[in-house]
Amino acid sequence: NAGVTQTPKFQVLKTGQSMTLQCAQDMNHNSMYWYRQDPGMGLRLIYYSASEGTTDKGEVPNGYNVSRLNKREFSLRLESAAPSQTSVYFCASIGGGAFLDTEAFFGQGTRLTVV
Amino acid sequence: AQSVTQLGSHVSVSEGALVLLRCNYSSSVPPYLFWYVQYPNQGLQLLLKYTSAATLVKGINGFEAEFKKSETSFHLTKPSAHMSDAAEYFCAVSGGNNFNKFYFGSGTKLNVKP
């Protein structure tokens, strides 16, 4: 049981480049989330998807787009990377499985540096 | 809407001493509350959760937390700190429905001194 898988684990981008962070979960969860973690600021919600086919903005959506490709996959795209987007990005999923999970399950994170 | 406040970005205790990490929440609906731990360069791992059953919740690694509605608090405690407890701890709140947003506090780094 892999849980939540994020790729890549590390990435360095130049300012203005684009990239997509991939996330997949195998727990049949309805909801999926993208967070960014910065020192002293905890985890801030970028976007979330309450169910397949829906996406909504979180606290810090500017500069990002998302796609809920299917129930398993939720990708985060940076169209034109900026140094302020240097962060650790976490994908999470919640609920809807056989055990009606209430807690968030996290991937291992993607460390992104924009130079 | 929900939000979480963690008091103290850094807490330092001696090995064997009581650990107390503070979390206060605000929520417009009966909340679900969680504590997560993050070890360096790793993802977040669930320590324990409150989902409207018993107000005293026991988690992994000897941690527990008590839901106090009157104080809107969900503080994390452990009677005796171990060196391996050194990590960052996050309190989180959700509305309990798996369609709700899941909000985190800013985190508390726990340092354990020998």
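Hydrogens, waters and symmetry mates are skipped; everything else that's a heavy atom, side chains included, is used. Please read these numbers as outputs of a predicted model, since none were measured by experiment. Chain naming here is simple, since letters A, B, ... match the order of the sequence lines and numbering starts at 1 in each.
Grouping the Ile, Leu, Val, Met, Phe, Trp and Tyr side chains by contacts below 4.5 angstrom, directly or via other members, places B:V57 with B:F63. Note: the hydrophobic cluster containing B:V11 also contains B:L47 (ILVMFWY, side chain heavy atoms under 4.5 Å, direct or indirect links). Cluster annotation: B:L33 is connected to B:L76 through the hydrophobic network of ILVMFWY side chains, with a link wherever side-chain heavy atoms come within less than 4.5 Å. Residues A:F90 and A:Y33 share a hydrophobic cluster, clusters being chains of Ile/Leu/Val/Met/Phe/Trp/Tyr side chains in contact below 4.5 Å. No path of Ile, Leu, Val, Met, Phe, Trp and Tyr side chains, each step under 4.5 Å between heavy atoms, connects A:L45 with A:L21, placing them in separate hydrophobic clusters.
Put simply, the side chain of A:R111 reaches to within 4.5 Å of the side chain of B:N41, judged on heavy atoms. With contacts defined as side-chain heavy-atom distances shorter than 4.5 Å, the pair A:F106/B:Q45 does not qualify.
When every heavy atom of A:L43 is checked against every heavy atom of B:F104, the shortest pair comes out as O-CB, 3.9 Å.
Aromatic ring centres of A:F105 and B:Y36: separated by at least 6.0 Å.
From B:S3, atom OG reaches atom CD of A:E59 across 10.0 Å, with rounding to the nearest 0.5 Å. To the nearest 0.5 Å, atom CD of residue A:Q37 and atom OG of residue B:S106 are 11.0 Å apart.
Neither the backbone nor the side chain of A:Q6 comes within less than 4.5 Å of any heavy atom in chain B. If you measure heavy-atom distances from B:T51 to chain A, the contacts under 4.5 Å come from the side chain alone. Interface remark: B:Q38 contributes side-chain atoms only to the contact with chain A (heavy atom separation under 4.5 Å). For B:L44, the parts lying near chain A are the backbone and the side chain together; criterion is any non-hydrogen pair under 4.5 Å.
Atom CZ of A:R44 is surrounded by more than 12 heavy atoms from other residues, nucleotides or ligands within 6.0 Å.
Evaluation of the ring pair (Phe, Tyr, Trp, His ring centres under 6.0 Å) rule for B:F90 yields no partner, not counting sequence neighbours.
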